[in-house]
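In what follows, a structure is listed as structure tokens, so that the remarks can point back to it.
Every chain is numbered from 1, with letters handed out A, B, ... down the list of sequences.
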Amino acid sequence: MALKRIIARLDIKQERLIKGMHLEGWRFLQDPPQKFCAEYYRQGVDEIIYVDVVASLYGREKLTEIVKQTTDHVFVPITAGGGVRSLDDATDLLRSGADKVAVCTGAIKEPQLITEISRRYGAQCCVVSIQAKKNGNQWDAYYDIGRENSGRSVLDWALEAVALGAGEILLTSIDREGTRKGFDLDLIEQISSRVQVPVIASGGLGTPGHAAQAFQAGADAVAVAYALHYGLCSVGDIKEYCRNAGIPLR
Amino acid sequence: MAQKIGIIDYGLSNLLSIYRAMKHVGAETTVVSDPSEIENLDKVVLPGVGAFPDGMKLLKQRGMIEPLRLHAAQGKPFLGICLGMQMMLGTGFEMEETQGLNLIPGKVIPLPAIDSSGVASRIPHVGWEFIREPRPGAWYNTPLAGNAGHQPYYFVHSYFAMPDNPDHVWAEADFGTLSFAAAVRNGVIFGTQFHPEKSGEQGLELLHQFVQQ
């Protein structure tokens with residue numbers, strides 16, 4: 001059984017680190033993202049996720065450059081995504097030093113993209129990012145940074161993505177993202193109990209205890225943004241809490 | 001004279017990550033894509049991400065199989081990582097049966113989707129795992145000497161190596177109820193299923209030891 005992972009998630013706009021709420025209202029943080037990454041690596045983070053929220057508008061040069069600079073001093077796996085619409089886009093990110101590529105909008109519009117990336121680079125390279133928002137009793141899969149509703153349930157889409165070759169699901173709750181109110185545990189439970197690939201829970205961590213709840217609900221990894229970027233807690237604090245709760249971590 | 005360490009470039013790997021990790025531990029490394037350069041190397045690092053048949057096909061196309069085998073036969077240190085390690089075995093069974101470099105006799109087979117206790121496991125196997133010394137002294141004087149099993153390494157794989165000779169198992173890890181070869185070794189020929197270049201400080205230490213020893 002693989003150890004549970006604590007992942008730092010960095011949303012990027014051009015060369016800057018940003019943080020929003022409900023995938024909106026982005027604010028810039030002062031220091032360059034590479035500097036945040038170096039600090040999280042020092043704190044013992046297990047993985048890094050970069051999401052370029054404007055890549056589809058401006059291209060990926062800024063993100064590939066950030067990834068390149070990060071791999072110079074950060075020796076844990078790096079996932080990069082944002083605006084990946086083709087196998088070539090994925091190749092660009094992997095060549096710049098990313099270990100995995102996250103696809104969202106591109107995969108919803110052209111599901112075969114998942115299969116192409118997975119066949120070419122292996123399922124472990126292909127992370128399907130799903131932005132979930134609760135409407136009534138079910139969660140719908142959104143895209144375009146949470147702006148568009150695909151009209152599909154998150155569970156259906158997750159199952160199809162895995163069948164197409166996704167090696168991991170990055171499951172972001174739009175409702176909780178940036179709120180620090182804790183993860184959407186029902187969502188995590190529903191998806192992780194049904195898919196045969198690791199699920200990364202994203203959106204809502206405000207305290208170390210929230211991570212433990214997500215793991216207990218079935219998450220294989222948690223992605224943390226706000227709490228780390230604004231120093232509410234460190235990677236070490238989260239790990240210590242989870243270890244004390246009996247969760248196996250690095 | 002400084003030793004020459006080469007990272008083999010055959011078009012299927014995360015070269016940049018390995019290169020930077022080697023640089024970080026103070027090793028002068030060159031990326032080698034010309035097979036005739038292999039004979040001048042003191043140590044070889046064979047990385048790899050992808051499928052076994054693709055990897056062997058590319059090594060063959062680039063004329064690298066014989067120089068790599070010769071390097072190992074001369075008793076020079078060799079480090080295979082992930083697919084690079086798997087290709088050190090005799091035969092691969094990913095998609096189709098494929099001959100490997102056969103530096104370590106044995107085979108590479110799929111991780112079981114359902115383990116011996118009937119529990120379904122998630123494949124690919126992705127994440128951090130602790131490793132064990134398969135028998136006392138197996139890590140003595142090797143690049144794993146510093147670990148003593150206290151730290152996990154990062155794994156990403158769907159297949160695993162099964163050496164014919166159990167003495168060639170250098171480290172073990174668990175996948176469900178299966179204990180598999182997390183690393184293999186035949187003299188100074190080393191291979192890790194995990195990614196030392198992605199395993200934080202612990203992984204860098206292994207590379208450092210490989211460079212120093």
Original post:
So, do B:Phe130 and A:Leu3 sit near enough that their side-chain heavy atoms are less than 4.5 Å apart?
Top reply: yes

Original post:
Which one of A:Ala221, A:Pro198, A:Gly167, A:Gly122 has the most heavy-atom pairs closer than 4.5 Å to chain B?
Top reply: A:Pro198

Original post:
Which bit of A:Arg250 comes within less than 4.5 Å of chain B, counting heavy atoms only: side chain, backbone, both or neither?
Top reply: both

**OP:** Please check if atom OH in A:Tyr241 has more than 12 non-hydrogen atoms from other residues, nucleotides or ligands closer than 6.0 Å.
**Re:** no

**OP:** Check the surroundings of atom NZ in B:Lys107: do more than 12 heavy atoms from other residues, nucleotides or ligands lie under 6.0 Å from it?
**Re:** no

**OP:** Name the member of B:Arg20, B:His157, B:Glu197 that forms the most heavy-atom pairs with chain A at distances under 4.5 Å.
**Re:** B:Arg20

Original post:
Which atom names give the shortest non-hydrogen contact between B:Ser17 and A:Asp99, and what distance separates them?
Top reply: OG-OD1, 4.4 Å

Subject >> chain B contact via A:Arg120 - which portion, at a heavy-atom distance below 4.5 Å >> reply: side chain

**OP:** Answer yes or no: is there a side-chain heavy-atom contact under 4.5 Å between A:Lys100 and B:Val126?
**Re:** yes

Subject >> Interface moiety of B:Ala51 toward chain A, non-hydrogen atoms closer than 4.5 Å >> reply: neither

Original post:
Are side-chain heavy atoms of A:Pro77 and B:Trp128 found at a separation under 4.5 Å?
Top reply: yes

Subject >> Crowding at CZ, B:Arg135 (>12 non-hydrogen neighbours, <6.0 Å) >> reply: yes

Subject >> From B:Leu16 atom CG to A:Asp72 atom CG, the distance as rounded to the nearest 0.5 Å >> reply: 8.5 Å

**OP:** Report yes if some heavy atom in the side chain of B:Glu201 is under 4.5 Å from a heavy atom in the side chain of A:Tyr41; otherwise report no.
**Re:** yes

**OP:** Evaluate whether atom CD of B:Glu28 has more than 12 neighbouring non-hydrogen atoms of other residues, nucleotides or ligands under 6.0 angstrom away.
**Re:** no

Original post:
What's the spacing between B:Ile123 CD1 and A:Gln124 CD if we round to 0.5 Å?
Top reply: 12.0 Å

Subject >> Over 12 foreign heavy atoms within 6.0 Å of CD, A:Glu65 >> reply: yes

Subject >> Exceeds 12 heavy-atom contacts within 6.0 angstrom, atom CZ of A:Arg194 >> reply: no

Original post:
Between A:Ala2 and B:Gly127, which heavy-atom pair has the shortest distance, and what is it?
Top reply: CB-CA, 4.1 Å

